[in-house]
There are 2 protein chains.
Amino acid sequence: MKDVAALARVSPKTVSNVVTGSAQVSEPTRQRVEDAMRQLDFVPNLSARTLRNGRTGIIGVALPDLATAFSATLAHEVVDVAHLRGLAVQIEETAAEPEREYELVSRARTHLIDGLILNPVRLEDSVIEQVDHLPPVVLIGEVEQHLTDRVFVESRTAAREITTHVIERGARRVAALGGAVHGLGGKATSGLRLQGYLEALHAAGLDPDPQLQVQLPEWTIAGAAAGMEELLDRRVHFDAVVAFTDTIAFGALHVLRRSGVRVPEDVLLTGFDDVEHAAFTNPPLTTIAFDHRDYAVAALDLLAARLDDRRRETTAQTVDHCLIVRESTGHPGAVPRGHRPD
Amino acid sequence: MKDVAALARVSPKTVSNVVTGSAQVSEPTRQRVEDAMRQLDFVPNLSARTLRNGRTGIIGVALPDLATAFSATLAHEVVDVAHLRGLAVQIEETAAEPEREYELVSRARTHLIDGLILNPVRLEDSVIEQVDHLPPVVLIGEVEQHLTDRVFVESRTAAREITTHVIERGARRVAALGGAVHGLGGKATSGLRLQGYLEALHAAGLDPDPQLQVQLPEWTIAGAAAGMEELLDRRVHFDAVVAFTDTIAFGALHVLRRSGVRVPEDVLLTGFDDVEHAAFTNPPLTTIAFDHRDYAVAALDLLAARLDDRRRETTAQTVDHCLIVRESTGHPGAVPRGHRPD
DNA sequence: GTGAAAGCGCTAACAC
DNA sequence: GTGTTAGCGCTTTCAC
């Protein structure tokens, strides 16, 4: 930069002004500076700028597992929206190591990021509470605490709606696939979806049956397939499967069909998230949809606001959802025959 | 850091030595320093370190579209492997704007990254050649140039193998779904897969039919579904579909089944990449598999080597692939009936 | 094994 | 509108 300044016969500050556009520069001077920059193939050093302003222009996005459709979709949207705002995105994955979530929150400053969008799986409230000087964090999902900003869809309500839908379509023995396995109680997403499912059963006067609830250690297709096989092995009667994510539904659908169970004739099936593939399975999947881009925009808005003012009140923002009915839950009046062992 | 030094009554350099472990520090001194760090809740400032060493510890990964299964899988593996090596990953997406690939290569220095792993879609050789001082780049895919390191699977060979497989299973009218639409000729991945497909037809004495080749503007499920519908609209006879990625096959499978075409009884179907979902479609998808983690490891190895020595010879590394036969291509001897209009 | 001094490249604050 | 000064927090000499 000094070289550029020397060549253009101005001060380094003027070069800086030209580069950042932060101050007025007269046209002839700007020309000289720009020529000099081109001549010397000058590229501003972001590390130095970062050291000076304390901002990197990078935000972290921590997701459980990029290979899972919903995480990938969310990452895609966040990267896209962030790019439009001149921010870069650093991706972190948390599924492999539970302690990684804590590490990210407590030591965000060591990573070269200004703030963090975190989709927690196992993070407990207490962890957030323990952290003294919280970095700017936006939580994705309904962790019930008020120390950070949050964005979420109303999982409990949505789960109730979709469960009610299959009941209205004639299901009486509704299985739930995807309950939490980590003892997070009612706090995490999976717990809320389970609550919504139970509420719907209750409202319809149906008794919940623990035999119809399958917990999954992993929310992947393979994990869901294993869970579905476990349900079949239990040899219980069921006529609908409410999966807690689309990815789980994909695994369930595969196992059901391979086992000769027809969807939706025998068993109704639903997902959650409305990832692209959900509309393209056979049959297409009834699911809970919400605007993934809105999700990304809301998260980035909150984070940007927090970066500008660390002291403002934390807020929670919901993203609207709606039920998308596709063929996996059949037609009105077409009651599923149900799957009975033997 | 100065504060820590003062509190521990040592010099900043000694604190630095303790933090980085770059020099021997006597045990009592180290203790004092570590106590002081804890007491002051000291976190080293990576920006400053970066400014000093010229390395950020962040690598960029540029992929066409994270929402596509293969990109997501690759990103997942790269993030995981990079994390094990103490590197962070910054994600860039290139599909939306073609010029973004060029921008990334030519201006990598402006982003806070040490190097770039780039999966090019539209990048032409000439772009690479124009760039004067190439940042450390590892290209994913068979771009035929020698200015950067490269990692790839042998697309042409693999496409020939899988096309030959469907021919051996009795197909005679093999459609290809996914040809390039951007006039990249034989250079890009899609061109090579098309070549392999044509070679297999030729070797089997089958005439290529342009009517059986469908180009896709986008390699997404929805794009593939549209392409498959176009093929059906052409009202040509075909008895197999070779899709150039699994994601394309997913879209094709959906349209085929919805149109009453059975897979594999009427039409055989194949994919490419062996993403997780490929084993869980109905029927499961015959595809070309390769170790996604090997891919990530190879790319990171090459990038790390390049970062250590900018002047070494560029190298190309292939990742082994193999044909995974699943039910979407039926059984030996079970000749597909074919799809005939009307 | 430890300390002192210099400087990485940039920009905020202030002078002119 | 432009120049000067100082310093962000660390690490690399080189001396001790």
Side-chain angles (χ1 to χ4, degrees), chain A residues 1-37 39-58 86 88 107-114 133 135 307-308, chain B residues 1-37 39-58 86 107-114 133 135 307:
Chain A
M1 193 152 180
K2 251 189 287 188
D3 298 346
V4 174
L7 183 59
R9 275 168 299 146
V10 295
S11 78
K13 174 58 183 162
T14 305
V15 179
S16 170
N17 286 341
V18 171
V19 173
T20 61
S22 53
Q24 293 286 27
V25 179
S26 74
E27 202 44 41
T29 319
R30 138 168 292 119
Q31 275 303 337
R32 279 217 316 286
V33 171
E34 284 177 348
D35 285 349
M37 291 201 299
Q39 213 168 317
L40 297 178
D41 192 25
F42 170 76
V43 178
N45 179 321
L46 277 213
S47 305
R49 184 181 292 174
T50 287
L51 177 58
R52 192 63 247 221
N53 325 337
R55 285 239 196 151
T56 60
I58 306 177
R107 300 173 56 81
R109 279 174 295 169
T110 64
H111 299 269
L112 245 11
I113 60 174
D114 296 335
H133 309 296
L307 290 173
D308 286 344
Chain B
M1 194 153 179
K2 250 189 286 186
D3 297 346
V4 174
L7 183 58
R9 275 167 299 146
V10 296
S11 79
K13 172 57 182 162
T14 305
V15 179
S16 169
N17 286 340
V18 171
V19 172
T20 61
S22 52
Q24 294 287 27
V25 179
S26 73
E27 200 44 41
T29 317
R30 139 169 291 119
Q31 274 305 335
R32 279 216 315 286
V33 171
E34 285 178 348
D35 286 348
M37 291 203 298
Q39 212 170 318
L40 297 177
D41 192 25
F42 170 75
V43 178
N45 179 321
L46 278 211
S47 305
R49 174 129 86 206
T50 287
L51 177 57
R52 197 58 249 225
N53 320 340
R55 283 235 197 155
T56 60
I58 305 177
R107 298 174 56 81
R109 280 174 293 169
T110 66
H111 298 270
L112 243 14
I113 60 175
D114 296 335
H133 309 296
L307 290 173

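Just so it is clear: chains get the letters A, B, ... in the order the sequence lines come, proteins before strands, and each one is counted from 1.
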Nucleotides 9-11 of chain C: which of its N/O atoms have a protein N/O under 3.5 Å away?
| from | atom 1 | to | atom 2 | distance (Å) |
| --- | --- | --- | --- | --- |
| dC10(C) | OP1 | Asn45(A) | N | 2.9 |
| dC10(C) | OP2 | Met1(A) | N | 3.3 |
| dT11(C) | OP1 | Arg49(A) | NE | 2.6 |
| dT11(C) | OP1 | Arg49(A) | NH2 | 3.4 |
| dT11(C) | OP2 | Ser16(A) | OG | 2.8 |
| dT11(C) | O2 | Arg52(A) | NH1 | 3.1 |

Taking any atom closer than 4.0 angstrom to a non-hydrogen atom of chain B, what span of DNA chain D does the protein reach, first nucleotide to last? dG9(D) to dT12(D)

Could you walk me through whether Val33(B) and Val10(B) pass the side chain to side chain contact (heavy atoms under 4.5 Å, CB included) check? CA-CA 8 Å; Val33(B) 171; Val10(B) 296; 3.9 Å; yes

Quick check for you: to the nearest 0.5 Å, what is the distance between Met1(B) atom CE and Lys13(B) atom NZ? 8.0 Å

Looking at Ala8(B) and Ala36(B), what are the two nearest heavy atoms and their distance? CB-CB, 4.0 Å

In this structure, CD of Gln24(A) is separated from CG of Asn17(A) (nearest 0.5 Å) by 9.5 Å

Base, sugar-phosphate alone, or nothing: which one does Thr29(A) contact when heavy atoms must sit under 4.0 Å apart? sugar-phosphate

What residues form a salt bridge (charged side-chain N to carboxylate O under 4.0 Å, His left out) with Asp35(A), not counting sequence neighbours? Arg38(A)

Inter- and intrachain pairs under salt bridge (charged side-chain N to carboxylate O under 4.0 Å, His left out), touching residues 24-33 of chain B, at least two apart: Arg30(B)-Glu34(B)

Please list, chain by chain and in numerical order, all residues satisfying side chain to side chain donor-acceptor pair (under 3.5 Å) with Ser16(A), sequence neighbours excluded. none

Distance in Å, Asp114(B) CG paired with Thr56(B) OG1, rounded so as to fall on 0.5 Å steps: 3.5 Å

Please report the closest heavy-atom contact between Pro12(A) and Lys2(A), naming both atoms and the distance. CG-CG, 4.3 Å

Grab the stems for DNA chain C, please: at least three consecutive Watson-Crick or wobble pairs, both distances below 3.5 Å, written as range with range. C:1-16 with D:1-16

Side-chain donor/acceptor pairs under 3.5 Å, residues 46-54 of chain A, sequence neighbours excluded:
| from | atom 1 | to | atom 2 | distance (Å) |
| --- | --- | --- | --- | --- |
| Thr50(A) | OG1 | Leu46(A) | O | 2.9 |
| Thr50(A) | OG1 | Arg55(A) | O | 3.3 |

